[in-house]
Trainee: 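Below you will find the structure I want to go over with you.
Chain letters run A, B, ... following the sequence lines, proteins first and then strands; every chain starts at 1.
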2 protein chains.
Amino acid sequence: MSDQAAHGAGGAMQDDPDAKFDLKDFLPYLLNISAEVTSSGFADNYKREYGMTRTQWRVLFHLGRYGEMTARDICTRSRTHKTKVSRAVSALEDIRFLKRQRNLDDRRFESLCLTTEGHKAYKTLCGKAGSYDRMLMSQFTPEENAILRRCLRQLANLS
Amino acid sequence: MSDQAAHGAGGAMQDDPDAKFDLKDFLPYLLNISAEVTSSGFADNYKREYGMTRTQWRVLFHLGRYGEMTARDICTRSRTHKTKVSRAVSALEDIRFLKRQRNLDDRRFESLCLTTEGHKAYKTLCGKAGSYDRMLMSQFTPEENAILRRCLRQLANLS
DNA sequence: GGGTATTGGTTGAAAATGTAACTATCAACG
DNA sequence: CGTTGATAGTTACATTTTCAACCAATACCC
């Protein structure tokens, strides 16, 4: 415990010479915080109205936006673990937002698609997502927005 | 059911005219995925070696980087809910990575600081975080990096 | 064909998180 | 004082997520 005083001894230490970078520059940290802040800001829309969770919203959004696909497709495209998707799919099925259909060629697959209800919810939420996104974007210049999205897509290994 | 066919009818529908924006452009979604990808890429470092969770790492990082502070300070600075911080602090105390000390002026507060062990772990992880961050940065130009971080800090309401 | 590996998807138990109610301390005001 | 209200932090309970094992269908390979 002798070098315990090596930090915070003065009570208000500000910079650690060993620290190569500020915490507020650590990309995973920054990404987590901003993801949390922006997501929970939007979550009210699907949570209050439909009682959906974030993963469920993600599945709904995928099916609504890109049409029929399998659970595995959603996993791959959204980098989401299959158990998360599996449970979200069951929950969406329970509230009649999607239907599953076994593929007859390969009976392991089942293709998922939204019901009318599901698609209606998707459309409503999609509109809100659009304005929420525009609201977020409005604080940046078009160039910043382009760069931001390009960097994020690359970090996420998307497209 | 009439507009059920509005999606996926052709089997490989690509674009919904109602969709104002692509899912891959929705900022909260992009942020979540890239946060998930980059964080879990780094998480092995503290998970395998120290059995720490992401929140615990966040607390450790704050105390290591900025020195002694209260749980509430960490909540505010990292936009993390107090119950999450509370549990992370307990866990870090259990493995002797930090110590609490009641403030005698106002006994509601307790200031937290790392033990020698905790600080050692912090330094080790900080080094790894540095190189991980540089690795992530290396795929972007300096301008892109600057813009990316500035945008993220703003989205996160950080400093 | 028959064994083995792989893949799509599910399930159960453990861990983490969210929410709300709680304790304890202090401050403000009568 | 005593009451009310705020604040730092904890705890209990429900929900969600993670992890590993699992089932069923297909592919591979001898």
Trainee: Between C1' on D/dT16 and CG on A/L92, what's the gap in Å once rounded to a whole number?
Mentor: 15 Å
Trainee: Would A/D94 and A/R87 pass as an ion pair if we require N to O under 4.0 Å?
Mentor: no
Trainee: Would you call A/E93 and A/R100 a salt bridge, taking side-chain N to carboxylate O under 4.0 Å as the test?
Mentor: yes
Trainee: Nucleotide range of DNA chain C contacted by chain A, 5' to 3', under 4.0 Å to a heavy atom?
Mentor: C/dT6 to C/dT19
Trainee: Just compare D/dT10, D/dA20, D/dA8 and give me whichever is closest to any side-chain atom of B/S86.
Mentor: D/dT10
Trainee: Please determine if A/E110 and A/R72 form a salt bridge, counting it only when a charged side-chain N lies under 4.0 Å from a carboxylate O.
Mentor: no
Trainee: Closer than 4.0 angstrom, basic N to acidic O: yes or no for A/R79 and B/E36?
Mentor: no
Trainee: Does this structure show an ion pair linking A/K128 with A/E49, if we count only N-O contacts that are shorter than 4.0 Å?
Mentor: yes
Trainee: Contact class for A/R102 (heavy atom, under 4.0 Å): base, sugar-phosphate, or nothing?
Mentor: nothing
Trainee: Considering every strand and a 4.0 Å limit on heavy-atom distances, what is the contact class for B/T83: base, sugar-phosphate, or nothing?
Mentor: base
Trainee: Of the nucleotides D/dT10, D/dT26, D/dT17, which one has an atom closest to the side chain of A/R87?
Mentor: D/dT17
Trainee: Could you tell me how far apart B/Q101 (CD) and D/dA8 (P) are, to the nearest whole angstrom?
Mentor: 19 Å
Trainee: Could you tell me whether A/R149 and A/D133 make a salt bridge, using a distance below 4.0 angstrom between a side-chain N and a carboxylate O?
Mentor: yes
Trainee: For a quick check of understanding: with a heavy-atom distance under 4.0 Å over all strands, which category does B/H81 fall into, base, sugar-phosphate or nothing?
Mentor: base
Trainee: For A/D73, which contact category applies under a 4.0 Å heavy-atom criterion: base, sugar-phosphate, or nothing?
Mentor: nothing
Trainee: Does the ring centre of A/F42 sit less than 6.0 Å away from the ring centre of B/F26?
Mentor: yes
Trainee: To the nearest Å, give me how far apart NZ (A/K82) and C1' (D/dA24) are.
Mentor: 12 Å
Trainee: Under 4.0 Å between a side-chain N or O of A/R108 and OP1 or OP2 of D/dT26?
Mentor: no
Trainee: Looking at A/K84, does any N or O in its side chain come under 4.0 Å of the phosphate oxygens OP1/OP2 on D/dT18?
Mentor: yes
Trainee: Please check the phosphate of D/dT10 (OP1 and OP2 only) for any side-chain N or O of B/R100 closer than 4.0 Å.
Mentor: yes
Trainee: Does B/R54 reach a base, just sugar-phosphate, or nothing at all? Heavy atoms under 4.0 Å.
Mentor: nothing
